[in-house]
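Counting starts at 1 for both ligands and their atoms, in listed order.
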Amino acid sequence: MTVALYAFTCGHLTMPFKSFLEGEEGTLKVPVPAYLVVHEKGSVLFDTGLNPHAVHEDARYRGQVHKSHEFHVTQHELLPARFEDAGLDISTVTHLVNSHLHFDHAGGNQLAPDVPVIVQKRELEHAREAGLPFGYVAEDFETGQSFNTITGELDLFGDGSVVCLPTPGHTPGHQSLKVATDIGQFVLAGDACYLRRSLDNLHLPRFRHDEEAMLASLRTLRDLQQRGATIMYGHDPDFWKDIPQAPTRLG
Ligand SMILES: [Zn+2]
């Protein structure tokens with residue numbers, strides 16, 4: 001089974017450094033990633049980046065996101081343009097998986113309007129309960145798309161090549177995606193692991209939904225790394241500098 005994995009950096013965010021690593025001063029400008037996995041039985045979008053309203057410095061939209069977050073995103077960096085530039089067709093996407101429903105991961109769900117959203121049940125419940133103070137902007141994920149809510153692991157194509165893996169802690173229903181390609185396994189960590197340093201040093205961010213769960217998820221990722229998987233850190237600017245962008249395949 002040949003599975004192709006593509007990465008897209010869909011703009012950047014500047015946030016307090018301590019939001020990524022407790023104890024750090026100043027700010028950090030980080031990439032906002034999304035991925036496409038192409039399998040013979042379907043194409044999977046993993047995370048969708050920022051809301052198109054963020055492009056236009058839409059004060060109404062931005063007013064909903066914490067003021068310490070600064071957006072850097074152009075129309076050209078949104079998924080439809082990125083797909084087109086890469087010679088890919090966003091209308092061929094059959095599965096949309098969100099790691100979680102924060103504004104920088106589900107903001108572009110509306111760009112694949114006919115595709116049901118695969119998310120952990122606990123995540124959707126939490127997003128609806130917790131709302132804006134916790135980084136959830138309703139208009140990002142309440143798009144009218146149907147949800148396929150899951151609990152635990154989900155093997156998307158039944159052959160073990162693309163598997164949703166719960167990695168809670170950042171949020172209660174966070175999940176990562178394991179992707180087996182010809183050149184090895186990749187784990188799209190999402191915000192279960194922001195930076196390489198998060199994993200190397202088990203260094204947590206300032207804000208934790210559940211510290212124990214976060215550490216357990218990092219240990220799960222370390223275990224996969226030790227067994228040869230490449231961990232794709234969710235927001236590591238140094239790591240992402242060298243990540244090949246679609247149409248170049250990552251795996
Ligand atoms: Zn994030």
May I ask you to check if any N/O/S atom from H105 comes under 2.8 Å of the Zn ion (ligand 1)? yes
Measure the acute angle between the ring planes of Y136 and H102, then classify it against the limits of 30° and 60° as parallel, tilted or perpendicular. tilted
Minimum-distance atom from the Zn ion (ligand 1) among N, O or S atoms of D191: OD2
Please tell me whether F17 and V32 are part of a single hydrophobic cluster in this structure, the criterion being side-chain heavy atoms less than 4.5 Å apart. yes
So, 2.8 Å as the limit: is an N/O/S atom of H102 located closer than that to the Zn ion (ligand 1)? no
For the Zn ion (ligand 1), which N, O or S atom of H235 is at the shortest distance? NE2
Does the side chain of H174 pick up a donor-acceptor pair with the side chain of T167 at under 3.5 Å? yes
Less than 3.5 Å apart, which donor and acceptor atoms pair up between the side chains of residues 88-97 and the rest of the protein, not counting sequence neighbours?
{"from": "D89", "atom 1": "OD1", "to": "S91", "atom 2": "N", "distance (Å)": "2.9"}
{"from": "D89", "atom 1": "OD1", "to": "S91", "atom 2": "OG", "distance (Å)": "2.8"}
{"from": "D89", "atom 1": "OD2", "to": "S91", "atom 2": "OG", "distance (Å)": "3.1"}
{"from": "T92", "atom 1": "OG1", "to": "D89", "atom 2": "O", "distance (Å)": "2.6"}
{"from": "T94", "atom 1": "OG1", "to": "S43", "atom 2": "N", "distance (Å)": "2.9"}
{"from": "T94", "atom 1": "OG1", "to": "S43", "atom 2": "O", "distance (Å)": "3.1"}

Under the rule for side-chain contact (heavy atoms from CB on, under 4.5 Å), what residues qualify as partners of T151, not counting sequence neighbours? K121
Which of the N/O/S atoms in D104 sits closest to the Zn ion (ligand 1)? OD2
